[in-house]
Every structure is written in structure tokens, then in C-alpha cells.
Amino acid sequence: MALQLYDTYTRSLRDFTPLHPPEVGLYACGPTVYDYAHIGNLRTYIFEDILRRVLEFNGYTVRHVVNITDVGHLTSDADTGEDKMEKGARRTGKTAWQIAGEYTQAFMNDLRHLNILEPTIWSKATDHISEQIAMILCIEEQGYTYLTSDGVYFDTSKLSDYGHLGRLDIDGLRAGSRVDMGEKRNPTDFALWKFSPQDARRQMEWESPWGIGFPGWHIECSAMSTKYLGSFFDIHCGGEDHITVHHTNEIAQTEACLGTHLANFWMHGYFLQIDEGKMSKSSGEFLRLQVLLDRHIDPLAYRFFCLGAHYRSKLNFTWESLNGAEVALNKLRSAAYEWGTPADTVDAEYVARFTAEINDDLNMPRALALIWELVRSDLTPAIKKATLLQFDRVLGLGLADWQPAVVNIPDEVMALVQQRQQARSEKRWQDADAIRVEVGARGFEIEDTAQGPLVRSKMR
Ligand code: AMP
Ligand code: ZN
């Protein structure tokens, strides 16, 4: 039951063994804090949380580093456009520093709501400017950089295996490059340091050996991961969009300076889609976790929804499937609650089968199927409970602490229920349906029984 993980670098499943057991170094690219995280971003952090929990389940201790990108991420991945932070500052009328602080806090709150374990180390790009400058100097000394009028660039043609992670067709890109490359020598070259504009002061800028400016987006991850995890560590992850540009460039930087590919495994979570299309922060329309909270949907239902798909497949979001996940989660919670006190022992066969599923590249959909099998099995309730709680170390659903809520139904909800009864008795079905929706928005559901309407909280 060796742990096998899919490594994007080799495009294969590989047996995982830590470089320095029992510790595992894990680096996950964090948020760009110019806006709230959307639930797509959060899917990636749920995947990384499951990965960490699976590593811990296997007896390893995980040193988990997550960065906060609070400078340097431009609106275009081609190093043009505006810094997302300065743009966010203009949009909100606050300073770039203020919005970085506020959105970082909001992000951490989201993670707490989703039972995502706090990383061992949070590292902010703006706290590591000197490390980034040192790394650019190192790359420069090795002869991989050139200067343009707007910054210091990485010459990707000097690395023979540049683009391997993304399987980039470098010749095709060169031939097909119609974009204005400006002073860039190759379409894939990228900025390591950008100069502040001549005529304006940026909110975030620093002195450097090349002039006042700010770091490019990719250098922070190479510099900070090396600082906290060493020049070659176990696992580097992020969303699938990072494969072709951001992680490709992180590898190039570290290879130029230190001669390693930075990480032994490269792992990527696939996107959450909405209406089969991409959900992105820059599209302006995106769903925050707060929207779910406002609708009285338990955030852990979203976690459960994500567990239902393998991290290497795209997942389409619909309210209907989220509701379905919430119903299933509540069923599991109620079952576990009714099983009472857990036994001192677990069922070894179920644990072995569960371990086999999660160790097969984090196959959570199959692990969930096994859990329903456990629910239906004829094991004693106490053994079932102990076994499920063991699994919950990976699932992270807080099943040990869950209790059915004792909910008082507010007067206003009871008044609505009466209005609905009135409408029903007058055969005003549309009005009755509208009132049911209204009651639902307040977190309650109505079941029409032979004895009249039964009102219940949806947060059971
Ligand atoms: P950002 O804050 O844009 O730098 O993104 C934070 C993380 O979310 C990165 O690992 C991205 O790859 C990931 N991400 C962005 N959009 C999505 C999406 N729709 N579904 C899943 N992950 C995403
Ligand atoms: Zn990164």
C-alpha cells in the first residue's frame, strides 16, 4: 500500500518516499490578495489539505509552506499590464498594503470554515524582497539574465530543458508569436525584476542593484520555497493553470541558480468550473464562500462536494449538486452521531481498504464510496464510529464534534409558514412556492406532512 502520487513533471504515477523522512516539505502557491478567493481557488486548497492529511495519515510530518502574493502579479501572465495589487487598491480606494492585509485575513477565514489545516509557515512576498533580490543576483551571475528598459529578464533560450514541465512547444511558440514581445528576446522570457515607472511612484517599490522597482511574480516562490524547504524538496503544488507559466518559470529560476528542479513531485489540482466554463477572479463574476454562508449552506458541504471528484478532473459547480452534497453530508453526520461512543478499536480491513484508496493518488471518490459501504455494513455501531473517525483525519469533516443543532424557529419564519398555509388553502400555488423559497433563504425547510407543515433548520 505504498503511497503513489501523480507527478506532472514526469506525467506519471510515482511511489512517494520523502527525501528526508519522516519530514515532508510541501509548498503550495498561495493567493494573490487583491480580491477575495473564489470557491474555485478554494477547491485547490482543499486538494492540498487532503494531500497533507494523507501524508500525515501515512505517518509523515509535513512542513507546509504557503505564500501570500502581495506584490508583482501582473494582470497579464506575459509580464505586461498593471500590478493586480495596485489595480485592486484603485478599485477599492484603499492602499495596496491595506487590501493585502484585508484579503489575507478573509482568505484565512475561508480556510478555517473549510477545516483546512493552517500551514506550518505563511510567507508573504513583501517580507522576502531581499531573498528575491539575492536569487536574481545568483541567476544573473550564472549568465541567464538581460536588461531591458523596463526590467531584468530571464533568457529562457539559455536553458536546454526550459518548458519541460508544461511540455511547451518552444519552436511553435516562437513561430506563432504574433504578440508584441517588446524588448523581450524570446516569447517565453519573463521578468525577474520590474522597474517602477519613470514618472510615477508605486505604492509598493524597493531599491535594488538594478534600480527602484518590484519583483516579478515567479521569483517569490523560488526564493521562499528554497529558504524554508531547501533547494530540492518533496512536493510543490498549485492549480493546473500554473503548469505552463508560473511553475515552469519557478523551475527555470531555480535550475539556473541552484541546478535543481526545485521539487521532487509537482502536483496540480484541476479547475472548478461553473456552467462548464472557467471560474476566474479577473472575470469579475465569481462565487465567494460568503455567498454560500449567506444562503445558510454549510461550508463543509462544499468541502464534501469537492471530495466527490478526483483532484485531477475538472469539477462543474451547480447549486443542485452542492445541495446534494449537503444532504449526503448530513446523512453521514446523523449516522455517525447515532452510533454513539466509538469503540477502542477500528475495523482493520476497512482501514486497509481506505488506506489503499487514498494512497492511490488521493482517490477520494472511491474512499467516499467505501465509507457508504461502512455505513451499510453490519459492524457494530461503536466499531463503525471508531473506524469513521479514523478516516475523518483525512476527510476533515469534523465528524467527532458534530451534533444535531437544537434550533428555535424564529417568529418571522413561523409567520411565513402560516402565510404559506393560507395561500395553499386559497390555491394560490405560486405564492405558496415563493414563500417556501423565502423560508429556505432564511435557513429553514418545510416538509408537508399529513399532520401539517413540519419546519426544520437546514443546518442539521
Ligand atoms: P490566485 O489567487 O489567482 O493566484 O490563485 C490561487 C490558486 O487557485 C492557484 O493555485 C490557482 O491555480 C488556483 N485556481 C485559480 N482558479 C481556479 C479554479 N477555477 N479552480 C481551481 N483552482 C483555481
Ligand atoms: Zn508560486
Side-chain angles (χ1 to χ4, degrees), residues 8 26-49 51 65-77 83-85 87-88 99-100 103-104 106-108 110-111 114 116 119 122-125 128 132 135 165-166 190 215-229 233 235-254 262-263 266-289 302 305-306 309-317:
T8 311
L26 173 68
Y27 185 93
C29 289
T32 309
V33 286
Y34 69 105
D35 205 336
Y36 294 106
H38 56 62
I39 58 172
N41 301 126
L42 295 172
R43 178 183 187 206
T44 292
Y45 298 103
I46 291 171
F47 142 62
E48 291 155 353
D49 184 57
L51 171 62
V65 181
V66 178
N67 67 300
I68 300 283
T69 300
D70 55 357
V71 69
H73 194 169
L74 303 189
T75 47
S76 147
D77 275 349
D83 186 325
K84 292 185 179 188
M85 296 303 300
K87 192 173 171 193
I99 61 164
Y103 291 126
T104 300
F107 176 67
M108 292 181 179
D110 286 349
L111 299 193
L114 291 165
I116 292 174
W122 287 111
S123 61
K124 263 167 52 177
H128 295 80
Q132 297 180 67
M135 190 148 192
L165 178 76
F190 57 92
W217 170 38
H218 317 294
I219 194 72
E220 68 177 80
C221 289
S222 288
M224 296 192 290
S225 61
T226 303
K227 171 171 178 173
Y228 294 110
L229 298 172
F233 56 89
I235 309 175
H236 193 313
C237 35
E240 57 168 320
D241 57 326
H242 286 345
I243 298 171
T244 50
V245 181
H246 182 51
H247 288 170
T248 289
N249 293 344
E250 281 187 41
I251 290 173
Q253 293 165 152
T254 304
L262 191 57
W266 287 85
M267 294 181 66
H268 297 93
Y270 278 62
F271 268 20
L272 179 83
Q273 299 183 312
I274 191 154
D275 301 328
E276 310 292 343
K278 185 175 148 186
M279 177 178 289
S280 87
K281 278 190 198 180
S282 47
S283 75
E285 280 239 298
F286 61 83
L287 279 174
R288 292 170 51 193
L289 197 63
Y302 181 65
F305 167 72
C306 290
H310 193 265
Y311 75 90
R312 275 194 298 119
S313 54
K314 293 199 194 294
L315 174 58
N316 197 50
F317 177 84

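Counting convention: from 1, in listed order, for ligands and their atoms alike.
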Engineer: Examine His246 and say whether one of its N/O/S atoms is closer to the Zn ion (ligand 2) than 2.8 Å.
Structural biologist: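 Of the N, O and S atoms in His246, at least one lies under 2.8 Å from the Zn ion (ligand 2), which means yes.
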Engineer: Ring centroids only, cut at 6.0 angstrom: are His218 and His247 within range, meaning strictly under it?
Structural biologist: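 Judged by ring-centre distance (under 6.0 Å), His218 and His247 do not meet the cut-off.
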Engineer: Answer with side chain, backbone, both or neither: which part of His242 has a heavy atom less than 4.0 angstrom from an atom of ligand 1?
Structural biologist: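 Looking at His242 and ligand 1, just side chain atoms fall under 4.0 Å.
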Engineer: Do His242 and Trp217 have their ring centres less than 6.0 Å from each other?
Structural biologist: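 That pair passes the under 6.0 Å test.
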Engineer: So, for Tyr36 and Tyr103, is the gap between ring centers shorter than 6.0 Å?
Structural biologist: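 They qualify: ring centres under 6.0 Å apart.
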Engineer: N/O to N/O below 3.5 Å, does that happen between Phe271 and ligand 1?
Structural biologist: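 Between Phe271 and ligand 1, no N or O pair is found under 3.5 Å apart.
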Engineer: Short check: any N/O/S atom of His218 below 2.8 Å from the Zn ion (ligand 2)?
Structural biologist: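 Checking the Zn ion (ligand 2) against His218, no N, O or S atom falls under 2.8 Å.
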Engineer: Compare every heavy atom of Cys29 with every heavy atom of Tyr45, then report the nearest pair and how far apart it is.
Structural biologist: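 So the two residues come closest at OH-O, 3.3 Å.
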Engineer: Do you know the tightest heavy-atom contact between Gly269 and Thr44?
Structural biologist: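 Closest pair (atom of Gly269, atom of Thr44, distance): O-OG1, 4.4 Å.
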Engineer: Carefully, step by step, assess Glu250 and Trp266 under the rule side chain to side chain contact (heavy atoms under 4.5 Å, CB included).
Structural biologist: CA-CA 11 Å; Glu250 281 187 41; Trp266 287 85; 4.2 Å; yes
Engineer: Check whether any N, O or S atom of His242 sits under 2.8 Å from the Zn ion (ligand 2).
Structural biologist: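 It does not; every qualifying atom lies at 2.8 Å or beyond.
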Engineer: Examine Pro31 against ligand 1 and note whether any of their N/O atoms are separated by less than 3.5 Å.
Structural biologist: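 It does not: no N or O of Pro31 is found under 3.5 Å from an N or O of ligand 1.
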Engineer: Leu26 vs Leu229, test: side chain to side chain contact (heavy atoms under 4.5 Å, CB included). Steps then yes/no.
Structural biologist: CA-CA 8 Å; Leu26 173 68; Leu229 298 172; 5.9 Å; no
Engineer: Which residue from Thr69, Asp241, Thr44, Leu42 reaches closest to atom 11 (C) of ligand 1 through any of its heavy atoms?
Structural biologist: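 When every heavy atom of Thr69, Asp241, Thr44, Leu42 is considered, Asp241 comes closest to atom 11 (C) of ligand 1.
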Engineer: Just jot down the ligand 1 atoms closer than 4.0 angstrom to any heavy atom of Gly239, in number order.
Structural biologist: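 Listed by number with element: 10 (O), 12 (O).
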Engineer: Measure from atom 21 (C) of ligand 1 to every heavy atom in Gly30, Gly238, Gly40 and give the option owning the shortest one.
Structural biologist: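 Looking at heavy atoms only, Gly40 sits closest to atom 21 (C) of ligand 1.
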Engineer: Just to check, does Thr32 reach to within less than 4.0 Å of ligand 1 when the distance is taken from its heavy atoms?
Structural biologist: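 Contact check Thr32 vs ligand 1: positive.
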Engineer: Just give me the atom name: the N, O or S atom of Glu250 closest to the Zn ion (ligand 2).
Structural biologist: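 Result: OE2.
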Engineer: At under 4.0 Å between heavy atoms, is it the side chain or the backbone of Asn41 that contacts ligand 1, or both, or neither?
Structural biologist: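 Both backbone and side chain.
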Engineer: Taking the ring of Tyr228 and the ring of His128, is the distance between their centroids below 6.0 Å?
Structural biologist: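 When the ring centroids of His128 and Tyr228 are compared, they turn out to be within the sub-6.0 Å range.
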Engineer: Taking the non-hydrogen atoms of Gln273, is any one of them nearer than 4.0 angstrom to ligand 1?
Structural biologist: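 For ligand 1, residue contact (heavy atoms, under 4.0 Å) with Gln273 is absent.
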Engineer: Should Arg312 and Glu240 count as an ion pair when the cut-off is N to O under 4.0 Å?
Structural biologist: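 Here Arg312 does not pair with Glu240 in a salt bridge, since their nearest N and O are not under 4.0 Å apart.
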